[in-house]
Student: 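So that we are looking at the same thing, I have put the structure below in structure tokens.
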Amino acid sequence: MTDADVTSTLSALTLEQKASLLSGFDFWTTKSAAGADVPAMTLTDGPHGVRLADMDAGEMGLANAKPATCFPTAVTLASTWNPALLERVGGALGVESKALGVSVLLGPGANIKRDPRCGRNFEYFSEDPTLSGDMAAGLIRGIQSQGVGSSLKHYAVNNQENDRMRVSADVDERALREVYLASFERAVAGGNPWTIMCAYNQLNGTYVHQHKWLLTTVLRDEWGWDGLVMSDWGAVRDRLAALEAGLDLEMPARIGHPTDQQIVDAVRAGDMDEALVDTSVRRIIDLALRTADAREASAEWDQAAHHELAREAAAEGAVLLRNDEVDGEALLPLDPARSVGIVGEFARTPRYQGAGSSQVVPTRLSTALDALRDARGDVPFAPGFAIGEGPASYASAADLIAEAVRVAQSVDTVVMFLGLPGAAESEGFDREHILLPADQRDLFAAVAAVNARIVVVLSHGAVVDLREITAPAILEAWLGGQAGGAAIADLLTGAAAPSGKLAETIPLRLEDAPSFGSFPGEYGHVRYAEGLLVGYRGYDVRDADVAFPFGHGLTYTTFEIDDVRVAASGEGVDVATTVSARVTNTGSRAGAEVVQVYVGDVESTVLRPVRELRAFAKVALEPGESTVVSFDLDDRAFSFWHPVLQRWYVEGGEFEVAVGSSSRDLAATVLVDVVGDSETLPLTELSTIGELRRHPALAEEMEELLASVEPALMAMINDIPAETVVSQGWIALTPEKWAEFLERAAN
Ligand code: BGC
């Protein structure tokens, strides 16, 4: 179908039909138009597996879905720092969507992890917009390569679950642009999702589904995106305002479809331009066209191959946080010559995905206990704690711990599986603390008292406080999906080498988090008081100690990064910088390193983070092998959002370009001179003497005028509005001259 066909399909529709196409038919499908070539489409969750509701089993139950591969969740996928792998996972998601007759998979989520407590952090990628945007883009490209649409969500500033359907996220413009929207902007630029799902919440007092600036000005006019915007499920409050703002499709159906009639009535009454309706209907037709292939359900895919891909992704997404030597050797990979005991219920009953709308019914499920026993024979196991409600009495908790201690005493090395029970983190609510359950902490202490050789494997969807977990080795396995158990065994035994890096900082304490005091807000408002100092930007600016920094992750070999070179050219918006570095595998095993490029402005007239991730690349190297990686940075790597000029702005001067293997392990920092934009701010009645002095049309004359002003007075009046200084006669600037200056500056 061509553009002309879309036009002719549109012209065959009555106003009633058009309005009806702009809301769902039921919970998961859109409407078709009788007699016209507009088919119904199935839209379903997402993001790490296809959750197609099994209507026979009851629509609303989150666990009533057709089996599909449960890939690792976003927290795990993000820790791979490997967009190409995410593209492959996306491809598999696309294949399964198509097989199940799904036109649009609802995901991925590109919201920034503002606070460790957000209940949906497991479903989001990162605290950093570059990483988040690139990972989302990879997944989108993969899904859409199969002719299935993705729905980038939840646009925008949905960074908590508490009061998510009403709360107003009160965010300043720079934080919004440089952190929260930047993640979506990058995902849109790199992935071009066919649809975007807007969030439930408000932004600075306006529901985002009615926010014209967000849905039209930024998304379409500035970013040039041409897809369809749908609502989050049940988000729409005012259908007409939403349509005016740029919300095309209301999902799901409302009982009786009253909003379709509202649209018809508004057009008939002359209160709404029919062209607005046509624009949104065109986007529906266009989506139907793009997803035409997805409607031929085949119900077939290679389940074994997808399980293996899930295993690969889970292994790549696990982060080796610590691997200290005990008696002269690191505990991991496990020494085949030493006996091993397994402790922790999660080894037998894996925690492998989050809760809420993303919950997938897996096609199969591997456990670390089975996989380790396959690899190491019949190793002893003790559950150590009970998941969920917990043991019925303190005595039974003590018994479980005592049994685990006995196992720990009988073996050389203990592998202990700890984590959060599923009920601790979910869509719909936030956590109140980030501690591991008390019985697990007691278990660790009791086992550590009898055996120092402990490897801890963690399963959970968002960071936990690790101060009490003093094990020499910690593998952060996050939520590994249905093959997570096998992936953990691969890593522990050394069949695979860890290569994950943290996509979020693990703070020492929740209280250290930059957003700590302003989350989740009160009385309908959450003030983003930390501004753009989110995640590592906030820890770095205060030089705060953290448990493990953003970008951190070890492996079984060592790497050296050297020969860092930086060359800059162009000015302002044309600034272009090439960064290159050599990375060498200096150890004795194959492995992969993520080379990370951070940029910081050495001296700035505005607040800038110490450094910000601007590029990264994952490279796999054999022992002794070396390669040169290079990156092209454009002006955005150096810019901040200028709230007066209303555009990205490069302030010229010296910048630090740092290359390293984490945000706090920088191999080299190179200083580079960047030629900036010119900043001519419009002058107003309230412009200060300092602003007049910086204005190119007035600078020279102002210096002459001020030549005889004594330095102490000068320092004082610099920040005083010229109008005040003039009216008080503090300097030789007359009212007439000031009026002339204003006029000259305006031209
Ligand atoms: C969630 C979305 C999800 C939708 C459909 C909403 O509650 O916020 O992420 O796609 O439900 O299940």
Side-chain angles (χ1 to χ4, degrees), residues 23-30 41-55 57-66 68 70 73-75 93 97 100 102-113 118-125 132 136 139-140 143 148-167 169 183-184 187 193-202 207-209 227-237 247-254 287 353-361 425-430 461 520:
S23 71
F25 170 70
D26 60 18
F27 215 75
W28 302 115
T29 57
T30 61
M41 292 175 273
T42 300
L43 328 170
T44 201
D45 291 304
H48 60 269
V50 185
R51 185 172 71 88
L52 184 63
D54 188 348
M55 297 309 209
E59 190 177 329
M60 276 307 289
L62 293 172
N64 296 335
K66 307 237 190 234
C70 178
T73 61
V75 59
L93 289 168
S97 300
L100 292 165
V102 170
S103 295
V104 177
L105 192 68
L106 304 175
N111 296 93
I112 290 292
K113 301 188 200 209
C118 173
R120 257 181 134 168
N121 275 359
F122 74 88
E123 218 176 326
Y124 298 140
F125 293 111
S132 171
L139 209 67
I140 294 167
I143 295 169
V148 172
S150 71
S151 196
L152 179 65
K153 63 190 187 183
H154 309 88
Y155 183 73
V157 284
N158 176 190
N159 309 101
Q160 65 188 53
E161 292 299 287
N162 189 298
D163 204 17
R164 68 170 163 159
M165 301 215 176
R166 301 181 309 181
V167 75
S183 168
F184 285 92
W194 296 343
T195 81
I196 286 180
M197 183 192 292
C198 71
Y200 287 120
N201 50 280
Q202 306 182 52
Y207 277 107
V208 298
H209 73 275
L228 171 139
V229 179
M230 70 178 80
S231 69
D232 199 343
W233 264 228
V236 174
R237 304 254 181 268
L247 178 95
D248 304 303
L249 175 66
E250 175 185 4
M251 282 302 290
R254 244 175 228 266
L287 181 65
Q353 65 172 332
S357 62
S358 69
Q359 206 172 303
V360 175
V361 175
E425 40 184 359
S426 167
E427 173 179 345
F429 60 87
D430 300 315

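One-based numbering, in listed order, for ligands and for the atoms of each. Scope of the values below: all heavy atoms of this structure, side chains included, with no hydrogens, waters or symmetry mates. Positions are given from 1, in the same order as the sequence printed here.
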Student: How about H209 and V229: do any of their side-chain heavy atoms sit closer than 4.5 Å?
Tutor: no
Student: For ligand 1, which part of W28 has a heavy atom less than 4.0 Å away: the side chain, the backbone, both, or neither?
Tutor: side chain
Student: Are any non-hydrogen side-chain atoms of T29 and L43 less than 4.5 angstrom apart?
Tutor: no
Student: For the 3.5 Å polar cut-off, considering only N or O atoms, please tell me whether E123 and ligand 1 meet it.
Tutor: no
Student: For the side chain to side chain donor-acceptor pair (under 3.5 Å) test, which of Q160, H154, E425 pairs with R120?
Tutor: H154
Student: Measure M165 to ligand 1 on non-hydrogen atoms and call it side chain, backbone, both or neither using the 4.0 Å cut-off.
Tutor: neither
Student: How close do A199 and V208 get, counting heavy atoms only, and between which atoms?
Tutor: O-CG2, 3.2 Å
Student: Check the surroundings of atom CZ in R237: do more than 12 heavy atoms from other residues, nucleotides or ligands lie under 6.0 Å from it?
Tutor: yes
Student: Should you measure from each heavy atom of L106, which atoms of ligand 1 turn up under 4.0 Å away?
Tutor: 10 (O)
Student: Is there a nitrogen or oxygen of Y200 sitting under 3.5 Å from a nitrogen or oxygen of ligand 1?
Tutor: yes
Student: I want to know if ligand 1 touches R120 in the polar sense, i.e. an N/O pair below 3.5 angstrom.
Tutor: yes
Student: Determine, for R164 against D430, whether the closest basic-nitrogen to carboxylate-oxygen distance falls under 4.0 angstrom.
Tutor: no
Student: Output the list of atoms in ligand 1 that are nearer than 4.0 Å to some heavy atom of R164, sorted by atom number.
Tutor: 7 (O), 8 (O)
Student: Just let me know how M230 lines up against ligand 1, side chain, backbone, both or neither, with a heavy-atom cut-off below 4.0 Å.
Tutor: neither
Student: Should you measure from each heavy atom of E427, which atoms of ligand 1 turn up under 4.0 Å away?
Tutor: 1 (C), 6 (C), 7 (O), 8 (O)
Student: Which ligand 1 atoms does K153 reach within 4.0 Å, using its non-hydrogen atoms?
Tutor: 2 (C), 3 (C), 9 (O), 10 (O)
Student: Within a strict 4.5 Å, meaning less than it, do heavy atoms of the Q353 and T73 side chains meet?
Tutor: yes
Student: Describe, in one word, how the ring planes of W28 and W233 are oriented to each other, choosing from parallel (under 30°), tilted (30 to 60°) and perpendicular (over 60°).
Tutor: tilted
Student: Could you tell me whether ligand 1 has any atom less than 4.0 Å away from a heavy atom of M251?
Tutor: no
Student: Going by heavy-atom distance to atom 10 (O) of ligand 1, choose the closest among D45, L105, D232, N158.
Tutor: D45
